[in-house]
Amino acid sequence: MDKDIFRLDGKVALVTGASYGIGMAMAKALAHAGATLVFNDRNQEKVTTALKEYRQDGIDASGYLFDVTDEKAVKEHIDRITSEVGIIDILVNNAGIIKRIPALEMEASDFREVIDIDLTGPFIMSRAVAPGMIKKGGGKIINICSMMSELGRETVSAYAAAKGGLKMLTRNLACEWAEFNIQVNGIGPGYIATPQTAPLRTEGHPFNSFIIGRTPAARWGTPEDLQGPVVFLASGASDFVNGHILYVDGGILAYIGKQPK
Ligand code: NAP
Ligand code: GCO
């Protein structure tokens, strides 16, 4: 085996929404594996703060301000990144939002916003980077899915619809673009401690102990738990892995649940 099979030297990696949380942890892993790091966010202050944090970690990242749902801005920025940094070899579609609203109370506008960011955004981004990858002879696209790509629960209908859709977008693009040596795969994180799940993890919140009990590993995941998986899917080690969703969930999807006492 090539001892450098997981190295990403000479590759340009773009991680969306990587100014903190899971995105930042994955971005750092890609950079430490040798990739030149590019990220975006939709808030300049967050981009500036993140650039400082990357620098403190020894990473010379480039941060851009654009929204993944804005097709025109995405195209302009991919062109800009291509000329300023290089053709993107690795795209991680990480940017996402959740709205926890019971379906009976949810407005269609809220539903649409979640679908737009969590599902249409990854399509717009993938569509924008694919021509460069084709020109270069290959690439890697990694979509950040969810437990809700497989499971449902109260209040997250829009998110589950988007992440279930993202799983199928992953499989479909994997089929369409395999002939160009582009591997499209997904990572399905379990319940990870980030600002997105902060409202569910407050002291005494019943969801906190529910999730720990529902996870065989008996803990919340950390953003760092996603670092090895993203490097694997971004590297030559996964060149024959196409349309796979790698669940990183401490065993949630394997588990029927605890027997009541
Ligand atoms: P997070 O803490 O909420 O971070 C999401 C990032 O995406 C933020 O930087 C956010 O920027 C950015 N973003 C949102 N909408 C955007 C847009 N339209 N354009 C550009 N950037 C945008 O989330 P996280 O927990 O790290 O999750 C990252 C990804 O993993 C998401 O796709 C999430 O659904 C998924 N995920 C999370 C968990 C979990 O347990 N935490 C589990 C499974 C999957 P702003 O701060 O400016 O909004
Ligand atoms: C929720 C959670 C999730 C997770 C994650 C699970 O309200 O159930 O926020 O949906 O963040 O995506 O994998």
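When a ligand or atom number is given, it counts from 1 through the structure's own listing order.
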N or O contact, Tyr159 vs ligand 1, cut-off under 3.5 Å:
yes
Atom 5 (C) of ligand 2: nearest protein contact (heavy atom, Å)
Ser146 OG, 3.6 Å
So which bit of Asp249 gets within less than 4.0 Å of ligand 2, heavy atoms only: side chain, backbone, both or neither?
neither
With nothing but distance in play, are any N or O atoms of Met147 less than 3.5 Å from an N or O of ligand 2?
yes
Asn40 N/O under 3.5 Å from ligand 1 N/O:
no
Test: Lys99 and Asp110 ion pair at under 4.0 Å
yes
Hydrophobic clustering (ILVMFWY, side-chain heavy atoms < 4.5 Å, transitive) - are Leu14 and Ile141 grouped together?
yes
With a cut-off of 4.0 Å, which atoms of ligand 2 are near a heavy atom of Pro189?
13 (O)
What orientation do His77 and Phe66 show, parallel under 30°, tilted 30 to 60°, or perpendicular over 60°?
parallel
Which atoms of ligand 1 have any heavy atom of Ser19 under 4.0 Å away?
9 (O)
N or O pair under 3.5 Å between Gly17 and ligand 1
yes
With a heavy-atom distance limit of 4.0 Å, tell me whether Ile98 approaches ligand 2 through its side chain, its backbone, both, or neither.
side chain
Where does Thr194 meet ligand 1, judged by heavy-atom distances below 4.0 Å: at the side chain, the backbone, both, or neither?
side chain
Ligand 2 contact on Thr155 by region, counting heavy-atom pairs under 4.0 Å
neither
How far is atom 22 (C) of ligand 1 from the closest protein heavy atom, and which atom is that?
Ala95 CB, 3.5 Å
State, without any angle test, whether Thr222 and Asp225 hold a side-chain donor-acceptor pair at a distance under 3.5 Å.
yes
If the cut-off is 4.0 Å to any non-hydrogen atom of Gly21, which atoms of ligand 1 fall inside it?
26 (O)
Does only the side chain of Met147 get under 4.0 Å from ligand 1, or the backbone, or both, or neither? Count heavy atoms.
neither
Protein heavy atom at shortest distance from atom 11 (O) of ligand 2:
Gln196 OE1, 2.6 Å
Near Asn94, which atoms of ligand 1 are under 4.0 Å from a heavy atom of that residue?
28 (C), 29 (C), 30 (O), 31 (C), 32 (O)
Is any side-chain heavy atom of Val47 closer than 4.5 Å to one of Phe39?
yes
Has Gly121 got any heavy atom lying under 4.0 angstrom from an atom of ligand 1?
no
For Arg100, the ligand 2 atoms with a heavy-atom partner under 4.0 Å come out as 1 (C), 2 (C), 7 (O), 9 (O)
Ile97 N/O under 3.5 Å from ligand 1 N/O:
no
Look only at interatomic distance and state if Ser146 has a nitrogen or oxygen under 3.5 Å from any nitrogen or oxygen of ligand 1.
no
Lys72/Glu76 salt bridge by N-O under 4.0 Å criterion:
yes
Is Lys140 paired with Asp239 through a side-chain N to carboxylate O contact shorter than 4.0 Å?
yes
Polar atom proximity, Thr197 to ligand 1 (N or O, under 3.5 Å)
no
If the cut-off is 4.0 Å to any non-hydrogen atom of Gly190, which atoms of ligand 1 fall inside it?
40 (O), 42 (C), 43 (C)
Gly190 heavy atoms within 4.0 Å reach ligand 2 at atoms 6 (C), 13 (O)
In terms of ring plane angle, is the pair Trp220 and Phe207 parallel, tilted or perpendicular, where the classes change at 30° and 60°?
tilted
Test of understanding: given a 4.0 Å heavy-atom threshold, classify the contact between Cys145 and ligand 1 as side chain, backbone, both, or neither.
backbone
For Met148, the ligand 2 atoms whose distance to one of its heavy atoms is below 4.0 Å
10 (O)
What part of Asp67 sits under 4.0 Å from ligand 1 if we count only heavy atoms: the side chain, the backbone, both or neither?
both
Please determine if Leu200 has a nitrogen or oxygen closer than 3.5 Å to a nitrogen or oxygen of ligand 2.
no
May I ask you to check whether Lys46 has an N/O atom sitting below 3.5 Å from an N/O atom of ligand 1?
yes
Mind checking whether Lys163 has an N or O less than 3.5 Å away from an N or O of ligand 1?
yes
With side chain to side chain donor-acceptor pair (under 3.5 Å) as the test, pick out the partner of Lys28 among Glu53, Gln227, Glu224.
Glu53
Could you list the atoms of ligand 1 found under 4.0 angstrom from a heavy atom of Ile192?
39 (C), 40 (O), 41 (N)
Check the side chains of Asn181 and Gln183 for a donor-acceptor pair under 3.5 angstrom, ignoring hydrogens and angles.
yes
Donor-acceptor pair, side chain of Asn40 and main chain of Gly17, under 3.5 angstrom:
yes
Under 4.0 Å from a heavy atom of Val156: give me the atoms of ligand 2 that qualify, with their elements.
7 (O)
Ligand 2 contact on Arg153 by region, counting heavy-atom pairs under 4.0 Å:
side chain
For ligand 1, which is the ligand I care about here, please tell me if Val68 has any N or O atom under 3.5 Å from one of the ligand's N or O atoms.
yes
